[in-house]
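We use all heavy atoms of the structure for the numbers below, so side chains are in, but hydrogens, waters and symmetry mates are not.
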Amino acid sequence: GLKQIIANRIGELAIKNPDLGLFQRLQLQVVPDARGRLLFPQEKDPNIIMARINYKRVPILTDNVIKRTIDEVLNFQNINIFENLLLGASRFFTKGTTGLYPQFALANLGIDQVTAAAQTRNKYKPIYDPLFRIMKVLPKDTVEHDYLQEYLVMGGERQTFVGWQDLSPNELFQVIGKERAGLLKVVDAINTGMDIFALPSKISEIITRAGEYIRSRESGKTQIVALEEAGRVTAPFHHVGRWGGGRIGKTWIKSIPFFNPGIQVLAQAAESLGSKEGWKRYSFVTLAVIAASVASMGLLIALGTDDQKKEYADKFPDELNKYIWLPDPNGKDLIKIRVPDQMAVFGTLINMMWADKALKANYTAGEYLNTATSWLPSQFDITEPTRLFLSWIPQIIKPGV
């Protein structure tokens, strides 16, 4: 009954505001079965909210994300304390190792530009859009400013790496509906304090996604489409999935730091490669990353000191694959530039073979295999069984294990 009351309100909203863009009234479909009973197949459609106006069914088409959110908000089951502790510990660990680390913001902005160039659907321009075009949002009388406000109001912050684990609609309902007490207040206080320090990292991600959102809206796309495209321009961290059986599976995935992001990075890359235009764009950026990686190795061999060459040869292969390495002018250290793992694999393998010959790195067959699989999320990398096993354990109990 409670769900139907909400569905009826949404139906009235859709009818009175046909230009809203989030809801669209459809013609009711009625199908008789073999026994003459009337069936309404639209009631089972994940994209349709079935309202009842004047005692008659009125199907309202919406995005399945909105439909699912409404269903989850109307779940009045209490979230048990164990679930909250699982998520709280994971959020603390994730933000502590990313958002609170000062260099993460700069490194993250760089890798976002590479992935955005490969996965944009609105001709996003790396560096230019986040650093120059986004400046148009500062004056309050610009269209860009309105679009940025729109993006943030619709929950754009939850698409970021340090924000995707924040309150789900159901958790938010629980916070609003009743006071949190005892141990949960401690978890809340810790995460609130961390939010302040994680602000630079959030901004570094938001400006990239907001740039895509603004471009999408300017091209005439609806709010919900623009929001989803903004989330997909890099890794769609706001996609959690339903493995393991709905709420239980989602809680388990959220309780393990970096579990979901690794999956979403590869899922989005696969989707980008699924279209002809996406394949061309992604392949071009990947080749550019490979070329830059090999060129950096040539620069290291030509200009690097013995100390710098030794440092490169001593690094683990999976670390080599995460960065482009350049010799620092001080003659001792290496400058590293973060690149997407899945784009750098071939370049890293070429560099390792080069280092074997020129630097006598003596990589083993296992290290080459480790590099070839370094783009896989740790929970699926069978070449490192210990890490694979630990990657499936929630953060709150992992140290004990």
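The environment of OH in Tyr363 is crowded: more than 12 heavy-atom neighbours from other residues, nucleotides or ligands sit within 6.0 Å. Within a 6.0 Å sphere centred on NZ of Lys125, other residues, nucleotides and ligands contribute 12 heavy atoms or fewer. The number of heavy-atom neighbours closer than 6.0 Å to CG of Leu38, taken from other residues, nucleotides and ligands shown, is above 12.
Across every non-hydrogen atom of Ser293 and Thr348, the tightest pair is OG-N, 4.2 Å. Listed here is the closest heavy atom pair of Tyr282 and Gln342: OH-NE2, 3.0 Å. Across every non-hydrogen atom of Ser296 and Leu326, the tightest pair is CB-CD2, 3.5 Å. Val294 approaches Ile350 most closely through the heavy-atom pair CG2-CG2, 4.1 Å. Residues Pro46 and Lys67 come closest through the heavy atom pair O-CG, 3.1 Å. Considering all non-hydrogen atoms of both residues, Tyr124 and Gln113 come closest at OH-OE1, 2.9 Å.
Distance alone, capped at 3.5 Å, places no donor-acceptor pair between the Glu212 side chain and the Ala226 backbone. In this structure, the side chain of Asn321 engages the main chain of Asp341 through a donor-acceptor pair within 3.5 Å. Remark: the backbone N or O of Asn8 is not paired with any side-chain donor or acceptor of Arg52 at under 3.5 angstrom. The backbone N or O of Arg35 sits less than 3.5 Å from a side-chain atom of Asp33, completing a donor-acceptor pair. Proximity of a side-chain donor or acceptor of Thr120 to a complementary backbone N or O of Ala117 within less than 3.5 Å is not detected. Checked by atom type and distance alone, the side chain of Asn47 never pairs as donor or acceptor with a backbone atom of Asp63 at under 3.5 Å. Judged by distance alone, with hydrogens and angles left aside, the side-chain atoms of Ser219 form a donor-acceptor pair with the main-chain N or O of Ser216 at under 3.5 Å. The backbone N or O of Thr371 lies less than 3.5 Å from a partner atom in the side chain of Ser374, making a donor-acceptor pair. Distance alone, capped at 3.5 Å, is enough to place a donor-acceptor pair between the Gln42 side chain and the Gln29 backbone.
Checked against salt bridge (Lys or Arg N to Asp or Glu O under 4.0 Å), Lys309 has no partners two or more places apart in sequence or in another chain. Shown here are the side-chain hydrogen bond (donor to acceptor under 3.5 Å, both in side chains) partners of Asp333, two or more places apart in sequence or in another chain: Asn330. By the salt bridge (Lys or Arg N to Asp or Glu O under 4.0 Å) test, Glu12 is found to be paired with no residue, residues two or more places apart in sequence or in another chain being considered.
Within the model, atoms NZ of Lys123 and CG of Asp129 stand 13.0 Å from one another, a figure rounded to the nearest 0.5 Å. Here the NZ atom belonging to Lys336 is positioned 11.0 Å from the CG atom belonging to Leu320, to the nearest 0.5 angstrom. Rounded to the nearest 0.5 Å, atoms CD (Gln308) and CG (Asp328) are 6.5 Å apart. With rounding to the nearest 0.5 Å, the separation of CG in Leu388 from CD in Gln379 is 8.0 Å. Taking CZ of Arg217 as the reference point, atom CG of Asp146 lies at 10.0 Å (rounded to 0.5 Å). The CH2 atom of Trp325 lies 4.5 Å from the CD atom of Glu319; values are rounded to the nearest 0.5 Å.
Looking only at side-chain heavy atoms (C-beta outward), Ile382 and Thr373 stay at 4.5 Å or farther from each other. A 4.5 Å side-chain heavy-atom check between Leu22 and Ile66 finds at least one atom pair inside the cut-off. Leu266 has its side chain within reach of Pro377: a pair of non-hydrogen atoms, C-beta onward, lies under 4.5 Å apart. For the pair Phe40 and Val30, the minimum side-chain heavy-atom distance is below 4.5 Å. A heavy-atom distance below 4.5 Å is found between the side chains of Asp112 and Thr115. Taking the side chain as every heavy atom from C-beta outward, Pro317 and Leu369 never approach each other to under 4.5 Å. For the pair Met297/Leu359, a side-chain contact is recorded, criterion being any heavy-atom separation below 4.5 Å from C-beta on. By the 4.5 Å heavy-atom criterion applied to side chains, Phe23 and Ile49 are counted as neighbours.
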Practice problem: For side chain to side chain contact (heavy atoms under 4.5 Å, CB included), just list the numbers for Arg209 and Thr234, CA-CA rounded to whole Å, side-chain angles, deciding distance to a tenth of an Å, and then say yes or no. | Solution: CA-CA 8 Å; Arg209 298 175 190 276; Thr234 59; 2.7 Å; yes
Quiz item: Should Thr383 and Asp381 be marked as a side chain to side chain donor-acceptor pair (under 3.5 Å) after you check the CA-CA gap, both sets of side-chain angles, and the distance that decides it?
Solution: CA-CA 5 Å; Thr383 65; Asp381 188 357; 2.5 Å; yes
Self-check item: Arg25 vs Ile60, side chain to side chain contact (heavy atoms under 4.5 Å, CB included): CA-CA, chis, key distance, verdict
Solution: CA-CA 5 Å; Arg25 180 175 181 175; Ile60 305 296; 4.2 Å; yes
Quiz item: Should Trp279 and Leu273 be marked as a side chain to side chain contact (heavy atoms under 4.5 Å, CB included) after you check the CA-CA gap, both sets of side-chain angles, and the distance that decides it?
Solution: CA-CA 4 Å; Trp279 171 269; Leu273 291 169; 3.4 Å; yes
Quiz item: Going through the checks in order, is the side chain to side chain contact (heavy atoms under 4.5 Å, CB included) test met by Lys280 and Lys276?
Solution: CA-CA 6 Å; Lys280 290 181 180 178; Lys276 184 177 181 180; 3.9 Å; yes
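We find that Arg121 and Glu271 are joined by a salt bridge, their nearest charged nitrogen and carboxylate oxygen being less than 4.0 Å apart. By the 4.0 Å N-to-carboxylate-O rule, Asp314 lies close enough to Lys310 to be salt-bridged with it.
Side-chain atoms of Tyr147 and Glu218 form no donor-acceptor pair, as typed in the model, at a separation below 3.5 Å.
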